[in-house]
Peer 1: 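One structure follows; several queries about it will come next.
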Amino acid sequence: MAERVEVSDVSKSYGKVHAVTNVSCVFREGETIALVGHNGAGKTTLIKLMLGLIRPTSGTVRVLGEDPSAGQFEARQRLGYLPENVSFNMALTGRETLAFYARLKRVPLDSIDALLERVGLGHAADRRVGTYSKGMRQRLGLAQALLGRPRVLLLDEPTTGLDPALRRSFYEIVAELRADGATVVLSSHALTELEGKADRVVIINRGAKIADGTIEELRSIANLPTRIRVRLSDAADSSVNDWIGRTGAWKRVNGHMLEIDAGPGEKISLLRSAASPDAPVTDLDVVPPTLDELYAHFLGAGEAGR
Amino acid sequence: MKNILIIARKEIQEGLRNRWVLATTVLLASLALTLTFLGSAPAGNVGASALDVVIVSLSSLTIFLVPLIALLISHDAIVGEMERGTMLLLLSYPIGRWQVIGGKFIGHIAILAFATLIGYGAAAAALAATGAVIDTASWIAFASMILSSVLLGAVFVAIGYLVSALAGERGTAGGIAIGVWLVFVLIFDMALLGLLVVDQGRTIGGGLLSALLLANPTDAYRLLNLGSESLGALSGMGGVAENAALGPATLISALFVWALVPLAAAALLFSRREL
C-alpha cells in the first residue's frame with residue numbers, strides 16, 4: 001500500500017506553547033484513520049501541518065509526495081479538507097459556493113450537481129448559504145472536500161452538529177471513499193462513534209502521540225478486562241464464589257445481577273463455569289471494553305508516563 | 001493568473017449580492033447629480049465650461065468619499081475572512097496567498113471602477129442632456145478624472161489590505177482604517193497648511209513642498225485633477241500646483257507607487273501570517 005501521508009518527528013510550537021511534540025505517523029492508501037484526542041490536544045494543529053497552512057518548527061511532513069508548505073500546489077489538487085466549524089460566505093448560494101471551489105480545483109462544473117445530491121443538498125442548491133442550518137453547512141463543507149476525487153481527505157470533527165441520520169449517511173460516504181482507495185483522516189474527541197468506521201486509531205494527548213494501532217491492537221495492549229454480566233436464579237453470595245472459582249472481582253448490581261470483570265486470560269474459563277450445569281445462571285451478557293474506556297486507559301497511561 | 005480571476009470574480013459576485021455595488025453606485029450618482037445641478041447654477045456665465053465646474057466639484061467629492069468607500073470594502077478582506085474561518089478553507093486549496101490578495105484587489109477595483117464610472121458618468125450624461133456645450137478638452141479632463149479616481153480608490157484599497165494583514169481583529173482593522181482616512185483626507189492637509197502659514201516661505205521651498213504633497217495620495221490626486229490651467233484657476237489650486245512643479249506623469253507615478261507598495265507589503269505580511 002502506497003504511503004500517502006508521512007509525518008516524521010514533527011514538532012510545532014507557538015512561542016512557549018508546544019502544540020505538537022515529536023509526532024510521527026504514516027497514513028497509507030485506502031486507510032481510514034481516527035485521530036482522537038481532547039479539545040486542544042493538537043489534532044487541528046496536526047491537520048494544519050498536513051495541509052501546509054503552518055510550517056513545523058522541526059521535522060518533516062510529506063503529503064502525496066510533496067512538502068505541503070513548500071508552495072507547490074499539485075498535491076492540494078488531490079486533497080480534500082473539511083475544517084472544524086466550516087463557514088462560507090453567507091451571500092452566495094450553495095451551488096455558487098461549490099462552483100467557486102470547483103474552479104479553484106479545476107474540477108468540471110457539471111460534476112457539482114451530482115455532488116450536491118450526494119450530500120443531500122440538491123433541493124437547497126439555489127438557496128443562500130446564510131439560510132442553511134448547521135447540518136446543511138456541514139454537508140456543504142463535506143461536498144467541497146469531495147470535489148475532484150481526492151486521494152487524501154482530512155476531516156476535522158466532521159460529525160459535530162449532524163443528527164444521527166445525517167451521521168449515518170456521512171459514514172456511508174466515508175465507506176465509499178475508503179472502498180475507492182482514498183486515505184481518510186477523521187479527527188474526533190469521541191472514540192465511541194468511530195467504532196467500526198476506522199481501520200486505525202491514533203490517540204493524541206497534549207501534542208504527543210500516545211497510541212497508534214487498530215482498535216484490536218489497542219485492546220490487546222491495554223489489556224482491559226471484559227465485563228461479564230450474569231442473571232442468577234438464586235441469589236446466595238457464597239454459592240457465587242463457589243462456581244466462579246474465585247472470590248471478589250465481582251459486584252452485585254441488584255438482587256439477581258452480577259458483574260464480573262474478567263481479564264483476557266480468564267475470560268473463557270469464567271464463561272465455561274458460568275455456562276456449566278451447576279451454575280444458577282439464567283442469562284449472560286459479555287460486554288467488551290468500550291472505546292471510551294480504552295481511550296481513558298491510554299490517556300491515563302500517557303499522563304502517568306509524564 | 002486564472003486563480004486571481006476566480007477570486008476576483010467571487011469578490012464581484014459577493015459585492016453584487018450584498019448590495020455593495022448598488023449602494024456605492026447610487027451614492028456616487030446621487031451626490032454627483034446633486035453637485036452638477038447645484039454647482040452649475042452659480043457658474044452659469046463666468047466663462048468656465050459647465051463640465052469643468054463638474055470636474056472640480058466631483059474631484060473634491062472623490063477625495064472625501066472614494067478613500068472612505070475603498071477602506072470600508074478592503075479593511076475586512078484578510079482579517080475578516082480569517083475570523084469567519086473562510087480563509088482557512090480557501091488556503092487549503094491549490095492557490096497562493098499572493099493570488100488571494102491579487103484577486104481581491106482586482107475584484108474590489110472593478111467594483112469601485114463600475115461605481116465611479118456609472119455614478120459620475122450619470123452626472124456628465126445629465127449635463128450633456130441639458131444641452132450644455134462641452135468641448136473635447138473638457139471631456140478628456142473628465143475621463144482622466146474618472147480614471148484617477150479609480151486609481152485613488154486602488155491606493156486606499158491597498159492600504160486597507162495592509163491594515164487588514166496587520167490587524168489581529170476585525171474591530172482593530174476598522175479603527176485603524178478610520179484613522180488612516182482621517183489622516184490622509186483631513187489632518188494631513190490641515191497640518192500642511194498650518195506649517196506653510198507658520199513658515200511663511202522661509203524654509204519650505206518648492207522641492208520640499210512637492211515631497212510633502214506626494215507623501216499624501218489625496219494631494220497627488222488633487223494636484224492631478226485641479227492643478228491644470230483652466231481648472232487651476234477655477235479650483236484655486238493653480239498657485240500650489242505652480243510652486244510644487246509636479247507634472248502629471250510624476251503625480252500618476254506617485255499614485256501607482258502608493259497603490260503597489262502597500263499591496264506588496266500586505267501580500268508579504270499575509271504570506272508570513274500563521275493561521
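Values below: every heavy atom of this structure, side chains too, minus hydrogens, waters and symmetry copies. Quick note on labels: first sequence line is chain A, next is B, and so on, each numbered from 1. Treat the numbers as computed from the prediction; the structure is a model and nothing was measured.
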Peer 1: Quick one: what part of A/Asn85 sits under 4.5 Å from any heavy atom of chain B, side chain, backbone, both or neither?
Peer 2: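 Nothing of A/Asn85, per the 4.5 Å heavy-atom cut-off to chain B.
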
Peer 1: Of the backbone (N, CA, C, O) and the side chain (C-beta and beyond), which part of A/Thr44 lies under 4.5 Å from a heavy atom of chain B, both, or neither?
Peer 2: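 For A/Thr44, neither part sits under 4.5 Å from chain B.
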
Peer 1: Assess the pair B/Phe184 and B/Trp258: is the distance between their ring centroids shorter than 6.0 Å?
Peer 2: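 Ring centroids of B/Phe184 and B/Trp258 are less than 6.0 Å from each other.
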
Peer 1: Heavy atoms only, distances under 4.5 angstrom: which of B/Leu88, B/Thr86, B/Asn18, B/Leu89 has the most pairs with chain A? Name it, please.
Peer 2: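 Of the candidates given, the most pairs with chain A belong to B/Leu89.
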
Peer 1: Does B/Arg9 CZ have over 12 foreign heavy atoms under 6.0 Å away?
Peer 2: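 Not more than 12 within 6.0 Å, no.
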
Peer 1: Which one of A/Phe88, A/Tyr101, A/Tyr81 has the most heavy-atom pairs closer than 4.5 Å to chain B?
Peer 2: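 Sorted descending by pairs with chain B, the first entry is A/Tyr101.
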
Peer 1: Do you know which of A/Leu147, A/Thr97, A/Val86, A/Leu104 has the most heavy-atom pairs with chain B at a distance under 4.5 angstrom?
Peer 2: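 Option with the top pair count is A/Leu104.
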
Peer 1: Side chain of A/Arg76, backbone of A/Leu51: donor and acceptor closer than 3.5 Å?
Peer 2: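 Yes; judged by distance alone, with no hydrogens or angles, the pair exists.
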
Peer 1: Go through the atoms of A/Gln144 and report whether side chain, backbone, both or neither lie under 4.5 Å from a heavy atom of chain B.
Peer 2: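 For A/Gln144, heavy atoms of backbone and side chain both lie under 4.5 Å from chain B.
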
Peer 1: Check this for me: A/Glu176, atom CD, are more than 12 non-hydrogen atoms of other residues, nucleotides or ligands nearer than 6.0 Å?
Peer 2: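 Yes, the 6.0 Å shell around CD holds more than 12 heavy atoms from other groups.
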
Peer 1: Can you tell me which portion of A/Tyr14 sits under 4.5 Å from chain B's heavy atoms? Options are side chain, backbone, both or neither.
Peer 2: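 A/Tyr14 touches chain B through side-chain heavy atoms alone.
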
Peer 1: Provide the closest heavy-atom pair for B/Val163 versus B/Ala177 in the form atom of the first, atom of the second, distance.
Peer 2: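 Heavy-atom minimum between the residues: CG1-N, 4.3 Å.
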
Peer 1: Chain B heavy atoms under 4.5 Å from A/Leu154: which part of the residue, side chain, backbone, both or neither?
Peer 2: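 It is neither, since no heavy atom gets under 4.5 Å.
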
Peer 1: Answer yes or no on whether A/Arg137 is positioned over the face of A/Tyr132, meaning its NZ or CZ is under 6.0 Å from the six-membered ring centre and within 45° of the axis.
Peer 2: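 Verdict for A/Tyr132: no cation-pi partner in A/Arg137.
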
Peer 1: Top residue by heavy-atom pair count (under 4.5 Å) with chain B, among A/Glu84, A/Lys48, A/Arg106?
Peer 2: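 Sorted descending by pairs with chain B, the first entry is A/Arg106.
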
Peer 1: Heavy-atom pairs under 4.5 Å with chain A: which of B/Arg84, B/Glu81, B/Lys2 has the most?
Peer 2: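 Looking at each option in turn, the highest pair count goes to B/Lys2.
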
Peer 1: With no hydrogens and no angle check, do the side chains of A/Asp9 and A/Ser24 hold a donor and an acceptor under 3.5 Å apart?
Peer 2: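 There is no such pair between these side chains.
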
